[in-house]
Amino acid sequence: MRRPPTPEGRVWITHPDAEDLVDLSNAVYTFALRLLCQGFSAAGSVDVKRVAIDAAVDAMSALDGLATALTRLPAREEGGEVTAGVSFALLRSIAALPDWPSQWTFLAERAGQLREGATKLSRLDPRVERAASTLARVESALRERVAPPATVSAATTAREPAPAVTESAPSPDVEEAHADGVTLRFEGRRCIHARRCVLSEPRVFLANVKGPWLHPEAVSVERVARVAQACPSGAITYLRRDGGPNEEAPEVNTAAVRENGPLALHADLRIAGEAPRFRATLCRCGRSQKKPFCDGAHAQGFEASGEPPTRESAALEARGGLLEVTPMKDGPLDVRGSLELCSGTGRTILRTARTRLCRCGGSSNKPYCDGTHARIGFRASRARSTRRRGAATASVTTSGDSSCGSARPPRSA
């Protein structure tokens, strides 16, 4: 970057684009080292260290793209065969910051500055554009530490009793029907009309009728349990009163990626701000008015493959246990706990203990987050429910995807 004292036979960078990119690369290199120091310092909890080290790894990934792009640029403004490269100059201190809340504000702001720098230079090479997306993901993760959402702090691998239904009174959004030996429950706000219930047990779930439509007395308790457990959205649950077993958490935590549709999770779920559950369909189109849950809005033109490429991953030491899902503020779903991500046809895509899944609908690496939410200004605020007990249930437009929810027939007010 500087003319050497004895320039004869030496090459230094004078090309304007290369100058800008090597400066950015060195800044990202310095930032990655600072994050590593932050992660491996004596201060801070294990959770703090993990956030810093994960961010450092992402920053190094961004540096890889920047450095590769740099080697494609000429070093000298007047041209020539020699190309540029990272000089690995430390532009700032890399000492760990004190373990105060302000550390995350500082680090997030720096990540934002680097993201802006990469975005301005993204015209130079697609690798620089991808580095900008990676830095946006780093910024989002660090900003989440500034004001983290409420979440369950239990260890992700521990099993806790978490029945899908309890003896407590249902909420106004839940309808109940009783029969000898079982109580059937339906949570309308979770239903997005997969219609598995009305197709498999049409005598229990009466479509397009006025008045009572849930009739668990029409079949055996076992059949009621079976159809409830086939509801991907968790809108249908049950409570056995005949001494038989209620629903239990699966042995293997899974998330199915539905073609042009949501994520269907089956696990001992702890979704931030929600009661424990075993099944849920979560929005990945970014359009749902019931975020993080799907409301069928993907049917209005959302396109996303249900068959992403398989990533090489090792077998998990534990395949079940708690699965914590935290919808990050205006960002992706942060998923912690053993999880097997599956395609719509059941193929295992990834085995992981932590991942971040896109819910803005814009990622170019679906179902994973690539930081696009930060660039497009994604907002994930929930629409407030106006449904009252006994009021009419709004119809949701359905698609050919039978991935989520159950079919709720229209009701009169």
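Since we're looking at a predicted model, the values are computed, not measured.
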How far does [atom1] of [X] sit from [atom2] of [Y], to the nearest 0.5 angstrom?
X      : Y      : atom1 : atom2 : answer
Ser313 : Arg351 : OG    : CZ    : 5.0 Å
Leu214 : Glu176 : CG    : CD    : 10.0 Å
Lys366 : Ser305 : NZ    : OG    : 10.0 Å
Arg110 : Arg115 : CZ    : CZ    : 13.0 Å
Leu206 : Trp213 : CG    : CH2   : 9.0 Å
Arg190 : Cys231 : CZ    : SG    : 11.5 Å

Item to check | NZ/NE/NH1/NH2 to OD/OE distance under 4.0 Å, Arg240 and Glu247 | outcome: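 Glu247 and Arg240: not salt-bridged.
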Checklist entry - So, Asp295 and Arg189, do they make that salt bridge, N to O below 4.0 Å? => result no
Please give me the minimum heavy-atom distance between [X] and [Y], naming the atom from each residue.
X      : Y      : answer
Ser343 : Ile349 : N-CD1, 3.4 Å
Ala118 : Val128 : O-CG1, 3.4 Å
Asn253 : Ser338 : ND2-O, 3.0 Å
Arg359 : Lys291 : NH1-CB, 4.1 Å
Tyr238 : Ala225 : CZ-CB, 3.5 Å
Thr30  : Ala89  : OG1-O, 3.7 Å

Do [X] side-chain atoms and [Y] backbone N/O form a donor-acceptor pair below 3.5 Å?
X      : Y      : answer
Thr348 : Leu350 : no
Ser363 : Asn365 : yes
Ser25  : Leu21  : yes
Arg356 : Pro332 : no
Ser122 : Thr119 : yes

How about [X] and [Y]: do any of their side-chain heavy atoms sit closer than 4.5 Å?
X      : Y      : value
Val257 : Leu263 : yes
Val219 : Val224 : yes
Leu107 : Arg34  : yes
Leu184 : Glu175 : no
Val174 : Phe186 : no
Thr281 : Arg258 : no
Leu90  : Tyr29  : yes
Leu357 : Tyr368 : yes

Checklist entry - Which residue pairs pass the salt bridge (charged side-chain N to carboxylate O under 4.0 Å, His left out) test with at least one member in residues 117-127, sequence neighbours excluded? => result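 Matches after skipping sequence neighbours: Asp17-Arg123, Asp125-Arg127.
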Item to check | The single option from Arg347, Arg319, Arg311 passing salt bridge (Lys or Arg N to Asp or Glu O under 4.0 Å) against Glu340 | outcome: Arg319
Checklist entry - Under the side-chain hydrogen bond (donor to acceptor under 3.5 Å, both in side chains) criterion, do Glu187 and Thr237 qualify, and how do the steps go? => result CA-CA 8 Å; Glu187 189 176 4; Thr237 55; over 6 Å; no
Next on the checklist: Taking side chain to side chain contact (heavy atoms under 4.5 Å, CB included) as the criterion, tell me which of Leu333, Val325, Leu339 meets it with Leu265.
Outcome noted: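 Exactly one candidate clears the test, Val325.
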Item to check | Worked verdict on Phe278 versus Asp268 for side-chain contact (heavy atoms from CB on, under 4.5 Å) | outcome: CA-CA 5 Å; Phe278 294 140; Asp268 194 354; 3.8 Å; yes
Next on the checklist: Set out, in order, the CA-CA distance, both residues' side-chain angles and the distance that settles side-chain contact (heavy atoms from CB on, under 4.5 Å) for Val138 and Leu114, then state yes or no.
Outcome noted: CA-CA 10 Å; Val138 173; Leu114 298 175; over 6 Å; no
Check whether more than 12 heavy atoms from other residues, nucleotides or ligands sit under 6.0 Å from atom [atom1] of [X], and answer yes or no.
X      : atom1 : answer
Asp180 : CG    : no
Glu248 : CD    : no
Glu129 : CD    : no

Next on the checklist: Please determine whether side-chain contact (heavy atoms from CB on, under 4.5 Å) holds for the pair Phe378 and Thr372, giving the CA-CA distance in whole Å, both sets of side-chain angles, and the decisive distance to 0.1 Å.
Outcome noted: CA-CA 8 Å; Phe378 173 65; Thr372 297; over 6 Å; no
Checklist entry - Would you say the side-chain atoms of Ser364 and Asp370 include a donor-acceptor pair closer than 3.5 Å? => result yes
Please tabulate, for side-chain N and O atoms in residues 61-68, each donor-acceptor pair with protein atoms closer than 3.5 Å (sequence neighbours left out).
unit_1	atom_1	unit_2	atom_2	d
Thr68	OG1	Asp64	O	2.8

Next on the checklist: Quick one, Arg279 with Ser233, criterion side-chain contact (heavy atoms from CB on, under 4.5 Å). Give me CA distance, side-chain angles, the key distance, then yes/no.
Outcome noted: CA-CA 6 Å; Arg279 291 165 282 121; Ser233 70; over 6 Å; no
Item to check | Residues that Thr134 engages under side chain to side chain donor-acceptor pair (under 3.5 Å), provided they are two or more places apart | outcome: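 Thr134 satisfies side chain to side chain donor-acceptor pair (under 3.5 Å) with no residue once adjacent residues are dropped.
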